[in-house]
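Have a look at the structure below before the remarks.
A, B, ... follow the sequence lines: proteins, then strands. Residue 1 opens every chain.
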There are 2 protein chains.
Amino acid sequence: MAVTDEAITKIKDMIISGELCAGDRLPPEKELSEKLGLSRSSLREAVKALEIIRVLDVRRGDGTYVTSLEPKLLTEAMTFIVDLHQDESILDIFEVRRILEPAAAAIAATRITPEQIASLRATMETIDDATSVEALVEHDLIFHQLITSAADNSYLASVLDALSSSTVRARIWRGLTQEKAVDRTLAEHTAIIEALERGDADLAKSLLTVHISAVEYWLRQAL
Amino acid sequence: MAVTDEAITKIKDMIISGELCAGDRLPPEKELSEKLGLSRSSLREAVKALEIIRVLDVRRGDGTYVTSLEPKLLTEAMTFIVDLHQDESILDIFEVRRILEPAAAAIAATRITPEQIASLRATMETIDDATSVEALVEHDLIFHQLITSAADNSYLASVLDALSSSTVRARIWRGLTQEKAVDRTLAEHTAIIEALERGDADLAKSLLTVHISAVEYWLRQAL
DNA sequence: ACTAAACAAACATCAGACCATTACACTGGC
DNA sequence: GCCAGTGTAATGGTCTGATGTTTGTTTAGT
């Protein structure tokens with residue numbers, strides 16, 4: 001194995017073993033490179049790789065730290081990869097969403113707070129007939145994120161957020177606008193909010209299944 | 001933005017725009033670094049980061065290539081991150097698995113081939129009373145992977161594989177062995193195979209829910 | 001006590017050298 | 001003509017050392 005990959009493994013092991021904890025600061029690059037037995041250049045490659053997947057946080061002029069390692073950090077790394085897979089595979093991604101999002105809504109229905117309901121309603125009010133596609137995408141993003149976060153499971157939220165990255169969303173809403181299907185989609189959002197408010201897990205789940213399937217059906221035709 | 005991060009973005013954009021396709025070879029490091037306007041060292045950091053998340057494949061003495069970008073490559077990158085999140089958060093991970101795996105089994109029940117059924121049976125026959133924990137983990141890994149792959153959705157398989165990384169599995173089987181719960185777990189595996197063979201999606205789904213919930217219950221007590 | 005300048009520590013970047021591996025073309029033998 | 005072995009060029013892997021930039025801390029002055 002290359003020295004850089006060894007260094008990646010060693011740093012990872014230091015975190016798994018507990019030698020390094022969330023928030024801890026790593027030794028300076030020079031010192032760490034000597035300890036691990038490689039040059040500073042090679043160590044920097046390892047650190048950069050761990051920074052991209054949000055394991056390390058490098059602060060210039062200060063030092064390098066282990067991130068909080070919260071599940072939400074998984075999103076960024078996953079989104080990066082999902083963004084690159086956008087053609088045929090989009091239907092597979094939707095199949096996973098159609099499993100996860102209704103389940104998330106059902107959980108959310110039992111746990112959602114009045115404040116979260118209010119936030120959902122607020123996102124609806126930012127929309128009218130003149131709203132741009134970009135604003136619709138933004139609304140959609142927040143709407144679905146509010147539901148997944150109401151399910152109170154960071155992993156669930158992270159995976160779902162990554163699977164519905166904004167580049168994918170943008171393409172879909174552009175299509176929905178052309179098909180004049182925006183009204184129907186927004187009406188579905190309203191119905192979902194009402195089901196969540198009544199705590200009707202079963203209805204919320206079914207509504208989400210219908211909601212996602214509708215988009216999936218449109219996509220299947222468009223491709 | 002730092003030059004290295006710029007380089008990462010530029011390379012990513014080259015892939016999204018189609019300037020670089022799966023399997024394509026990048027220009028040599030020296031040439032690419034001049035084209036992007038940064039030193040070879042800094043470019044190498046960018047390349048290393050993209051290699052870790054399986055976007056690039058670097059072959060020493062040959063060149064650097066864009067990977068196939070298949071969804072299964074998502075697994076490795078995700079596993080790397082999930083491996084680092086192993087304490088309290090394990091229950092959240094199980095909640096996601098309990099949603100996805102029964103759904104995957106239901107889909108698998110309608111699509112599974114006789115060959116895949118035979119492979120599942122074969123994994124059962126490698127096990128007896130004297131089997132070591134390591135071998136049990138290996139069996140479990142293959143068993144669940146066969147089911148997710150029978151669902152014929154690479155994204156579903158990737159996400160599930162990542163969420164049930166082998167480090168997590170190892171801990172659990174060690175616990176099951178101590179609790180003498182190995183027999184019951186293996187019996188559940190057998191029942192799942194039979195449901196899949198009969199194409200009974202509903203039963204397969206329920207069996208998976210029970211199967212995962214049992215482990216989840218044990219975990220909740222153990223923590 | 002407060003402020004601002006100086007300092008030190010740490011990461012950012014670069015240039016250039018040399019090593020190790022691989023692919024490929026060439027050559028000789030069959 | 002075909003194949004195996006060989007050599008070479010191309011390419012990534014690694015190291016060293018220097019310099020720039022940013023940040024946090026200390027210190028001198030008010």
>> I need the CG-C1' distance between A:L56 and C:dC11, as an integer number of Å.
In response: 13 Å
> OP1 or OP2 of C:dA10 less than 4.0 angstrom from a side-chain nitrogen or oxygen of A:R25, does that happen here?
Replying inline: yes
>> Nearest whole Å is fine: how far is C:dA8 P from A:D62 CG?
In response: 18 Å
>> Can you tell me if A:T4 touches the phosphate of D:dG13, counting only side-chain N or O atoms and a distance under 4.0 Å to OP1 or OP2?
In response: no
> Hey, is the main chain of A:P71 close enough, under 3.5 Å, to the side chain of A:S158 for a donor-acceptor pair?
Replying inline: yes
>> Has A:R25 got a side-chain atom pairing as donor or acceptor with A:T64's backbone, closer than 3.5 angstrom?
In response: no
> With no hydrogens and no angle check, is any side-chain donor or acceptor of B:T67 less than 3.5 Å from a backbone partner on B:R54?
Replying inline: yes
> For D:dG13, does OP1 or OP2 lie under 4.0 Å from any side-chain N or O of B:R44?
Replying inline: yes
>> Checking the side chain of B:S42 only, and the main-chain atoms of B:L38 only, is there a donor and an acceptor separated by less than 3.5 Å?
In response: no
> Relative to the 5' end of DNA chain D, which residue comes earlier, B:P27 or B:S41, by the nucleotide with the nearest heavy atom?
Replying inline: B:P27
>> So if I take every side-chain heavy atom of B:E29 and compare against C:dA12, D:dG12, D:dC15, which nucleotide ends up nearest?
In response: D:dG12
> If you pin A:G61 and B:G63 to their nearest nucleotides in DNA chain D, which one's is more 5'?
Replying inline: B:G63
> Counting any heavy atom closer than 4.0 Å, what does A:V3 reach on the DNA or RNA strands: base, sugar-phosphate only, or nothing?
Replying inline: sugar-phosphate
> Counting just side-chain N and O atoms, does B:T64 come under 4.0 Å of either OP1 or OP2 of D:dG12?
Replying inline: yes
> Looking only at N and O atoms, is any donor in the side chain of B:R40 or the base of D:dG13 less than 3.5 Å from an acceptor on the other one?
Replying inline: yes
> What is the distance from CG of B:D57 to P of C:dT22, rounded to the nearest Å?
Replying inline: 13 Å
> Just how far, in rounded Å, is C1' of D:dG13 from NZ of B:K30?
Replying inline: 17 Å
>> Taking any heavy-atom pair under 4.0 Å as a contact, classify A:R59: base, sugar-phosphate, or nothing.
In response: sugar-phosphate
> Taking the side chain of B:P28 as heavy atoms from C-beta outward, which of C:dC11, D:dG13, D:dT11 is closest to it?
Replying inline: D:dT11
> When we call it a touch if two heavy atoms are under 4.0 Å apart, what does B:S42 touch: a base, just sugar-phosphate, or nothing?
Replying inline: sugar-phosphate
> Where the side chain of A:S39 is defined as all heavy atoms beyond and including C-beta, which of C:dC14, D:dC15, C:dC11 is the nearest nucleotide?
Replying inline: D:dC15
>> Nearest whole Å is fine: how far is D:dG13 P from B:L43 CG?
In response: 11 Å
> Can a cation-pi geometry be assigned to A:R220 and A:Y217, taking NZ or CZ under 6.0 Å from the six-membered ring centre and within 45° of the ring axis?
Replying inline: no
>> Rounded to whole Å, how long is the line connecting atom CZ of B:R60 with atom P of D:dT14?
In response: 6 Å
>> Can you measure B:Y65 atom OH to D:dT11 atom C1' for me and round it to whole angstrom units?
In response: 10 Å
>> Between P on D:dT21 and CG on B:L38, what's the gap in Å once rounded to a whole number?
In response: 16 Å
> Per the side chain to side chain contact (heavy atoms under 4.5 Å, CB included) rule, which among B:L56, B:V66, B:V55 passes with B:L20?
Replying inline: B:V66
